[in-house]
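Read through the structure below, which is laid out as structure tokens, and then see the notes.
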Amino acid sequence: MTILVVILVLGLVIFVHELGHFLAAKLVGVQVLRFSIGFGPPLLSWRRGETEYWIASVPLGGYVKMAGLEDEELTGKLEGGAAAVPVDPARTLESKPLGARFLVMVAGVSMNVVLAYVLYAGIRATAFPEPAMLAIDSVATASLPPQARALAALEPGSFVVRINGDTLATWRQFERWVTQGPDTLRIELAGRARPLVVALPRDTAVRRAAWRALTPRLPPIVGLVIPGAPAHRAGLEGGDLVLRVDADTVRSWSELVGIIRRSAGDSLRLVVRRGERRVELTVVPQRNADPRSGLPVDSGFIGAQPNPPVVYVGQPLGRALVEGLLDTVDRTGQVVVFLGRLVTGGVSVREIGGPVLIAQLSGQAAQLGVVTLLGFIAFISLNLAVLNLLPIPVLDGGHVLFLLIEAVRGRPLSVQLRLRLTQLGFVVLIALMVLAISNDVLRNLAR
């Protein structure tokens, strides 16, 4: 199943990327000799018109082979050799205006961004996962504004059923009542005969401060497990319900996190329920040394995310389109920030992942549901878009850099210089791929 899922994930994002180049090339009149998913000799091939269509033997990317007078020397063997169709010199990429060539080069990453946006907006419009209504885990009474002291009566384990007669299905609905509701809230709690009456002021800042003092009781169910992290090495899997840590019974995710954070470097014996079985595992929380991670320095972490119960809610189309755009921008920013920290040394090169990491995360995402898998595909598509825009010759960003230099100089770089720079970029790209695959192997050997 994991193999099929990773074929779907990588195949889709690569196909969409290359389709962008293909359509743009056709639009501006460039002769397209071959459209290939994968590199090397073909496993499956057919021809339609002047274009060969291949599914090739090395599934580490794809390419659109366009008519050009300088391509064969460097990339010919990688791209499966010369095409059977003769090249029309009047329809080469180099013969087209600068703007047309720029459009062809950026079309691939643009299609990846469009794919991500469509997926994010589609999820928002049809089945956006919102946290289901949960019991109260804690109330930070010291943080409650004086005007909201009545909320301190919400004890740990309290479950809000209705507010002002409205039955709550999601935690977000509870938030809206507290932050935007009327002055008086009649909160009905499970197992309590009389409602809790809370009077809140109109002051938005006060109401938001009151809301931040409330913490939901997430069940201690494991969601995504980061490959190579302590949880992965210990054998934790998505869907595991943590019952005990050493002698302590675990009732919520926050309790589990609290134990892990104060146990950096210690061996913790976990008892989890996996399906119908009980499994015992030993995990050693890793010590956090990154002050920018959002965790206290020297606190422990194991690299596992929660898997809270959710309710799938469809949003109005207009709102979904806006929220989908915000999701796309936010996830793109995450990728850019990660690359920036990688360059500045804030993140180790050991964090770089390759096809094995993608396969592992794809399998986990599929197990967590279709919506999670679609969101993961969108995120991988944005990763591919950002990485392809890096100014490395061979990648789209390298070609864009050549075009920008040509625009400034008024003439292109010489063919010989471009070939040398492209050869250098090819070496860099191969080195990065070797590093990524090596990291993947080391992560799994550590387990």
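The residues of the chain are indexed from 1 along the displayed sequence. All of these numbers come straight from a predicted model, not from anything done at the bench.
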Side chain proximity check, [X] to [Y], heavy atoms < 4.5 angstrom:
X	Y	value
V394	H399	no
S138	S254	no
E155	I136	no
K96	V104	no
I352	L357	no
R202	D183	yes
P216	D137	no
I392	L424	no

Identify each donor-acceptor pair in which a side-chain atom of residues 362-374 lies under 3.5 Å from a protein atom, sequence neighbours left out, and give them as a table.
residue, atom, partner, partner atom, Å
S362, OG, I358, O, 2.6
Q364, OE1, V225, N, 2.6
Q364, NE2, V225, O, 2.7

Exercise for the section: Take V28 and L93 through the test side chain to side chain contact (heavy atoms under 4.5 Å, CB included) and record every step on the way to the result. Expected result: CA-CA 9 Å; V28 301; L93 181 63; 5.8 Å; no
Practice task
Please assess F379 against N383 for the test side chain to side chain contact (heavy atoms under 4.5 Å, CB included), listing each intermediate value before the final yes or no.
Solution key: CA-CA 6 Å; F379 187 61; N383 271 268; 3.4 Å; yes
Any sub-3.5 Å donor-acceptor pair from [X]'s side-chain atoms to [Y]'s backbone N or O?
X	Y	value
Y53	I37	no
R34	T51	no
E255	R251	yes
T170	Q173	yes
H17	V13	no
S381	N112	yes
D440	G354	yes
D330	L326	no
R207	P201	yes
D246	D248	no

Handout entry: Ring centres under 6.0 angstrom apart (W171, F174)
Key = yes
Exercise for the section: Step through it carefully: locate the ring centre of Y312, locate the ring centre of F128, and say whether they are under 6.0 Å apart. Expected result: no
Could you check whether atom [atom1] of [X] has more than 12 heavy atoms from other residues, nucleotides or ligands sitting under 6.0 Å from it?
X	atom1	result
Q147	CD	yes
R192	CZ	yes
R350	CZ	no
R194	CZ	no
F159	CZ	yes
R274	CZ	yes

Handout entry: Sole candidate of F39, W54, F35 that passes ring pair (Phe, Tyr, Trp, His ring centres under 6.0 Å) when paired with Y63
Key = F39
Exercise for the section: Start with the C-alpha distance between V197 and L185, add both sets of side-chain angles, then the distance that settles side chain to side chain contact (heavy atoms under 4.5 Å, CB included), and finish with yes or no. Expected result: CA-CA 6 Å; V197 179; L185 303 181; over 6 Å; no
Completion exercise
Tested for side-chain contact (heavy atoms from CB on, under 4.5 Å) against L119, the lone hit among V114, T328, I377 is I377
Problem - Side chains of S299 and N288, donor plus acceptor under 3.5 Å - result: no
Practice task
Give a yes-or-no answer on whether the side chains of R186 and N164 include a donor-acceptor pair shorter than 3.5 Å.
Solution key: no
Over all heavy atoms of both residues, which pair between [X] and [Y] is shortest? Give the atoms and the distance, please.
X	Y	result
W253	A304	CZ2-O, 3.6 Å
A234	L281	O-CD2, 3.4 Å
P355	I437	CD-CG1, 4.0 Å
A107	A24	CB-CB, 3.5 Å

Exercise for the section: To the nearest 0.5 Å, tell me how far I163 CD1 sits from L196 CG. Expected result: 9.5 Å
Exercise for the section: Test side chain to side chain contact (heavy atoms under 4.5 Å, CB included) on R208 and V178 and set out the steps. Expected result: CA-CA 8 Å; R208 291 198 175 277; V178 173; over 6 Å; no
Practice task
Identify, with sequence neighbours excluded, every residue that meets side chain to side chain donor-acceptor pair (under 3.5 Å) alongside Q305.
Solution key: none
Problem - Cationic N near anionic O, under 4.0 Å, R273 to D240 - result: no
